[in-house]
2 protein chains.
Amino acid sequence: MARPSDTKARIQAVARELFVEQGVQNTSLRQISDRLGITKPALYYHFASRDELVRSIIQPLVEDMERFVATRESGEARELLEEYFDMIWRHRDITVMIVREMSTLGYLDLGQRMFDWRRRLITLLLGPDPTPARHIHATVAIGGMSDCSVEYAHLPLDEVKSAAVDAAAAALGL
Amino acid sequence: MARPSDTKARIQAVARELFVEQGVQNTSLRQISDRLGITKPALYYHFASRDELVRSIIQPLVEDMERFVATRESGEARELLEEYFDMIWRHRDITVMIVREMSTLGYLDLGQRMFDWRRRLITLLLGPDPTPARHIHATVAIGGMSDCSVEYAHLPLDEVKSAAVDAAAAALGL
DNA sequence: GTCTATATGATGATAGAC
DNA sequence: GTCTATCATCATATAGAC
């Protein structure tokens with residue numbers, strides 16, 4: 001069907017589809033191999049374990065997030081909100097998957113890491129040691145934008161982004 | 001240990017704990033019975049199936065939500081935001097559990113229902129047929145508040161509520 | 001690289017004794 | 001109401017042929 005060396009990528013594509021559709025825990029290797037028209041053990045030629053397959057699919061989001069909170073500097077808040085929205089929008093399907101399954105994926109330490117990303121993002125927006133009230137305002141802004149990237153996932157980016165960023169900025173008092 | 005007729009309630013309490021901790025799909029009947037110090041089949045005297053146990057735990061939230069969106073009328077927006085916050089705060093642990101596991105709990109139609117609740121809430125806030133932009137603003141407001149009820153779940157209600165409602169109101173342009 | 005066949009273990013659920 | 005014993009089913013994973 002496809003070039004042999006593409007099989008690994010095809011496995012990831014199908015797994016990603018099924019994980020997003022039905023959840024990670026709820027998807028078996030059998031379902032993946034069936035949809036690809038190969039057998040279960042064939043998967044083990046390309047991935048050492050189920051976990052390794054899961055990790056390989058989440059990795060791009062993790063890398064993007066880490067890079068984002070590591071490289072940005074405090075500055076124009078609205079610009080930061082917009083860039084952040086672009087990123088969560090790109091990864092919106094995997095984000096939903098992770099949030100939905102945080103406990104199951106707890107072994108990957110993802111719940112803690114996402115919490116940490118958000119904390120650092122708030123520091124970028126508000127500086128260190130914001131008051132609890134301003135921290136909560138920022139959570140409404142950022143959490144609300146995340147919800148938009150999920151709830152309007154099927155709409156064109158520009159339609160959603162400007163309104164979502166406006167609302168987030170207002171929540172922040174900008 | 002406890003009065004015999006309390007066993008059903010004790011099962012629900014322990015199941016609820018484990019579901020919130022680890023997720024529904026990820027919790028086995030064996031774990032529940034172990035923590036209670038009884039055996040697996042004993043559970044089946046009190047609940048016809050695993051599903052029935054799960055449903056019995058989610059039911060209070062479903063009833064409260066349905067009642068809320070059914071009985072409120074359009075009116076003062078800030079008051080509505082406050083009452084809504086009180087409710088999601090009360091059910092915050094189960095809400096997390098559901099959102100995290102929407103696909104797994106798809107058979108209960110919960111994903112669709114939660115989406116519907118939010119849609120009706122937005123109608124209450126904005127009236128019928130809001131512009132897409134205002135709809136998105138409302139999603140930031142409501143989604144952002146939900147995030148607060150999760151992220152600050154350990155703080156006292158009043159500290160969180162006033163700041164969260166303020167931010168939501170600002171996102172809505174109030 | 002992919003197959004058949006199989007090992008091993010957990011799960012939800014039932015039958016029937018006490 | 002709770003137990004012991006057991007079933008069918010499904011999962012991840014491995015061994016070894018082609």
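Fair warning: this is a prediction, and the values are worked out from it, not measured in the lab. Values below: every heavy atom of this structure, side chains too, minus hydrogens, waters and symmetry copies. A, B, ... follow the sequence lines: proteins, then strands. Residue 1 opens every chain.
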*If only side-chain N and O atoms of B:T7 are considered, is one of them under 4.0 Å from the OP1 or OP2 phosphate oxygen of D:dT2?*
yes
*asked:* Taking only side-chain N and O atoms of B:S28, does any of them lie within less than 4.0 angstrom of OP1 or OP2 on C:dA10?
replied: no
*Please determine, by modelled atom types, if B:T7 and B:Y45 share a side-chain donor-acceptor pair under 3.5 angstrom.*
no
*Atom NE2 of B:H46 and atom P of C:dT14: how far apart are they, to the nearest Å?*
16 Å
*Is A:R67 salt-bridged to A:D64, cutoff N-O under 4.0 Å?*
yes
*Rounded to whole angstroms, how far apart are CG on B:L43 and C1' on C:dA13?*
11 Å
Report each atom pair, protein N/O against N/O of nucleotides 5-9 of chain C, whose distance is under 3.5 angstrom.
none

*Rounded to the nearest angstrom, tell me the gap between atom CG in A:D34 and atom C1' in D:dA11.*
14 Å
*For B:I32 and D:dT2, give me the distance from atom CD1 to atom P, rounded to whole Å.*
15 Å
_Nucleotide D:dT6, atom P - distance to OH of B:Y44 in whole Å_ = 19 Å
*Go through B:D166 and A:R134 one step at a time and tell me if the salt bridge (Lys or Arg N to Asp or Glu O under 4.0 Å) criterion holds.*
CA-CA 10 Å; B:D166 279 349; A:R134 290 200 33 87; over 6 Å; no
*A:L29 has a side chain; which of C:dG12, C:dT4, D:dA13 sits nearest to it?*
D:dA13
_Rounded distance (Å) that lies between atom P of C:dG12 and atom CG of B:N26_ = 11 Å
_For B:A42 and A:D51, find the nucleotide of DNA chain D closest to each by heavy atoms; which residue's nucleotide sits nearer the 5' end?_
B:A42
*Given C:dC3, D:dT4, C:dG12, the nucleotide with the shortest approach to the side chain of A:T39*: C:dC3
*Could you check how far CZ of B:F47 sits from C1' of C:dG12, rounded to whole Å?*
16 Å
